[in-house]
Structure formats: C-alpha cells, structure tokens
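Read the structure below first, then the notes.
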Amino acid sequence: MSGTDTKLQPRRSGLTRRQKRAVSRGVQYAVFVAALIALGVTADWEQLQNQFAQVDLAERMFPDIITLALKNTVLYTVSGFVFGLALGVVVALMRLSSVGPYRWLAGIYIEIFRGLPALLIFIFVGVAVPLAFPGTEIPGGTYGKVALALGLVAAAYMAETIRAGIQAVPKGQMEAARSLGFSHARAMVSIVIPQAFRIVIPPLTNELVLLFKDSSLVLFLGVTLEERELSKFGRDLASETANSTPILVAGLCYLLVTIPLGFVVRRLEAKAGEATK
C-alpha cells in the first residue's frame, strides 16, 4: 500500500515561492525589453527627428518661452490656486454648517463644478459672464478671468479635501478650545483649520499640479501675444513653422515644473504617513 500511496501523491514543483516570483519578474522584464526593442526597430526615427527635434526651432523659442510663456503659466496657476483655496475654505465650512441652506448650496456647487469639464467653465467665464452683466469687467483682465475660471474648478475639489481634513481633526481639539473660552468660530480658525491644513497639504499640492496643466485652457478666453501661456505659445509657433518641435519644447517646460511638484507631493505624503504611525 505504501508504494501505491507514493505513486498517487502529486509531484511537488522544484521551485520555491520566491523562485517562482523571480521567474515571473524575469519574464515580465524580458517582455518589456522585447517591446522596447521592437518599438525602436520599427519607429521612423528620422521622421520623428525632423518633426519633433529641430534644434534651430527650439533655439528660436528662447528666452521668450521662459520669460513670457512659462511666467504667464505660473501666474495663471498661482492666481487660480489662491482664489480656489479661499473659495474652497468657505465652501467646506458651508458644507459642515448646521444651517441647512448653506449645506445644500455647498453641495450643489461641488456637484456642478466637479461634474463639468474645465473647458466649459472657461467658456462660461469668457462668454456667459459678459452677457449676463453687460459693461462689467472682471478685475485683472485676462489674469482675473483665468483666476476666476481655474478657481471655480479648483474650489469644488479643494472644498471636499478641506472638509475631510477638518473632520479628521480629533473632536477633542474643538472641545478643549471651547472649554478655554474660545467661541466656535475662533476655535475653528485658530485651532481646527490650521491642523486640518497640515493634513491636507499633500492633496492640495497635487491640485496645484492639475491646475498648472489646466491653465492651458486660457486660449479659449482669447489672449494677446503678451498673455500667451506655454500651450498657446508652442501651438502658435508650431502652426507658423509647420513643425511640432515647439509643442515638444513646451511639453518639456511643463515637466520642468510638474516633476519637482510631483516629488514634493510624494515627500509630503510620506511624511504624513510617518506622522500617523
């Protein structure tokens, strides 16, 4: 019987679990390298170089792409972020209010502006606002319009982020402040909101990265040559030269800002994770 039982037992694999994982990773790496080689062999590098890597065209873009286009992109982003942050705090507090109409208005605002594409918000600001209020000029010209459009979009997301941060602050903080004689409003401003901002800094920084890219929609507001941002600057020169090199250079300028910001976000998230341990 013992010989029969031995024959019936399934054969064990000669590889351990760790070895199987190593083999699986090796196969994935091999497939990845093979795909890169196939891409490199089949791509028409000469055509790509002619269309996207004309050094003389890239040189023509400097220094204007930095001193004008990148500068405007940063200004548009910062103005939209500041307005969106201020509005987001107000909407978040309305969302947490004990007054029903405040909560309803905040909820409607958040659902609408999170659901609509940013492009439609820019068109609304550029077309609908002048029609609704004839003769009224938004302060700051194009910069004011961009701040309003980007801020309206950003505030809807920031409000939910800030609300979550406020709710993450232990309730004992508010109770301790009230026991010391603080009013609810003063305790919220002095005690709760500062702690909430320390919690939500990583997602707010990530929102800044998204706004930096959304600033490319400013072209739908109609801008002058001196008000162009990176996308508009690269697109105009690409149309003028019938070559895509300016678009590639503009994209690299975006990465010049978004990659460091992305690194900052990851560092902040790591520190926040360590603080909660």
Side-chain angles (χ1 to χ4, degrees), residues 76-140 143-211 214-215 217-218 220-221:
Y76 293 148
T77 303
V78 171
S79 60
F81 182 82
V82 171
F83 177 71
L85 183 61
L87 181 59
V89 171
V90 174
V91 175
L93 294 176
M94 290 175 63
R95 187 79 159 155
L96 295 171
S97 174
S98 58
V99 181
Y102 286 167
R103 293 198 308 272
W104 304 333
L105 286 174
I108 292 171
Y109 171 83
I110 290 171
E111 293 302 323
I112 290 177
F113 283 90
R114 285 201 308 178
L116 290 175
L119 171 60
L120 294 184
I121 305 302
F122 272 81
I123 295 175
F124 172 80
V125 170
V127 178
V129 171
L131 290 176
F133 305 97
T136 301
E137 289 290 336
I138 297 176
Y143 293 96
K145 292 178 183 178
V146 175
L148 177 60
L150 285 178
L152 288 173
V153 175
Y157 293 93
M158 290 184 184
E160 286 295 88
T161 300
I162 295 169
R163 178 185 64 81
I166 292 174
Q167 291 179 325
V169 176
K171 294 182 178 179
Q173 297 291 318
M174 174 63 78
E175 295 171 356
R178 294 302 300 274
S179 67
L180 293 174
F182 282 66
S183 65
H184 183 276
R186 185 182 174 190
M188 183 66 72
V189 172
S190 303
I191 306 297
V192 177
I193 291 181
Q195 294 186 61
F197 267 95
R198 284 197 290 270
I199 296 172
V200 301
I201 282 178
L204 289 182
T205 308
N206 193 50
E207 183 64 30
L208 181 63
V209 176
L210 297 177
L211 283 182
D214 284 344
S215 65
L217 297 174
V218 68
F220 290 97
L221 295 177

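Note that the structure is predicted; figures quoted are calculated from it, not measured.
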Inset, instruction - Can you measure from CG (L204) to CG (L211) and round to the nearest 0.5 angstrom? - result: 10.5 Å
Inset, instruction - Begin from the C-alpha positions of M174 and V169 and carry the test side-chain contact (heavy atoms from CB on, under 4.5 Å) through to its verdict. - result: CA-CA 9 Å; M174 174 63 78; V169 176; over 6 Å; no
Inset, instruction - Tell me, yes or no, whether the heavy-atom count around Y102 atom OH, taken from other residues, nucleotides or ligands under 6.0 Å, exceeds 12. - result: no
Inset, instruction - Would you check if the side chain of S79 reaches a backbone N or O of Y76 as a donor-acceptor pair within less than 3.5 Å? - result: yes
Inset, instruction - For the residue pair Y109 and L152, establish whether any side-chain heavy-atom pair is separated by less than 4.5 Å. - result: yes
Inset, instruction - Give the intermediate values and the outcome of side-chain contact (heavy atoms from CB on, under 4.5 Å) for residues V125 and I138. - result: CA-CA 10 Å; V125 170; I138 297 176; 4.1 Å; yes
Legend entry - From CG (D214) to CD1 (I121), nearest 0.5 Å: 11.0 Å
Inset, instruction - Please name the pair of heavy atoms, one in L217 and one in A118, separated by the smallest distance, quoted to 0.1 Å. - result: CD1-CB, 3.6 Å
Inset, instruction - Determine whether I166 and M188 make a side-chain contact, defined as any pair of heavy atoms from C-beta on separated by less than 4.5 Å. - result: yes
Legend entry - Cation-aromatic face contact R178/F182, 6.0 Å, 45 degrees: no
Legend entry - Heavy-atom neighbours of E137 CD exceed 12 at 6.0 Å: no
Legend entry - Nearest-0.5 Å distance that lies between atom CG in L221 and atom CZ in F122: 6.0 Å
Inset, instruction - Report yes if the side chains of P203 and V200 come closer than 4.5 Å at any heavy-atom pair, otherwise no. - result: yes
Inset, instruction - Indicate the atoms forming the closest heavy-atom contact of G88 with I162, along with that distance. - result: C-CD1, 4.0 Å
Inset, instruction - Can you measure from CD1 (I201) to CG (L208) and round to the nearest 0.5 angstrom? - result: 12.5 Å
Legend entry - Atom pair CG/CZ of L85 and F197 - distance to nearest 0.5 Å: 4.5 Å
Inset, instruction - For A176 and S179, work out which heavy atoms get closest and say how close. - result: O-OG, 2.6 Å
Inset, instruction - Can you see which heavy atom on S190 is nearest to which on P194, and at what distance? - result: O-CG, 3.5 Å
Inset, instruction - For residues A147 and F83, report the shortest heavy-atom separation together with the two atoms involved. - result: O-CD2, 3.5 Å
Inset, instruction - Could you walk me through whether L93 and I193 pass the side-chain contact (heavy atoms from CB on, under 4.5 Å) test, one step at a time? - result: CA-CA 10 Å; L93 294 176; I193 291 181; 4.3 Å; yes
Legend entry - Side chains of R103 and M94 in contact at under 4.5 Å (non-hydrogen atoms): no
Inset, instruction - Look up atom CG in L210 and atom OG1 in T77, then write down how far apart they are to the nearest 0.5 Å. - result: 11.0 Å
Inset, instruction - Could you name each residue pair satisfying salt bridge (Lys or Arg N to Asp or Glu O under 4.0 Å) that touches residues 143-162, not counting sequence neighbours? - result: R95-E160, E160-R163
Inset, instruction - Given side-chain contact (heavy atoms from CB on, under 4.5 Å), test L150 with F81 step by step and report yes or no. - result: CA-CA 7 Å; L150 285 178; F81 182 82; over 6 Å; no
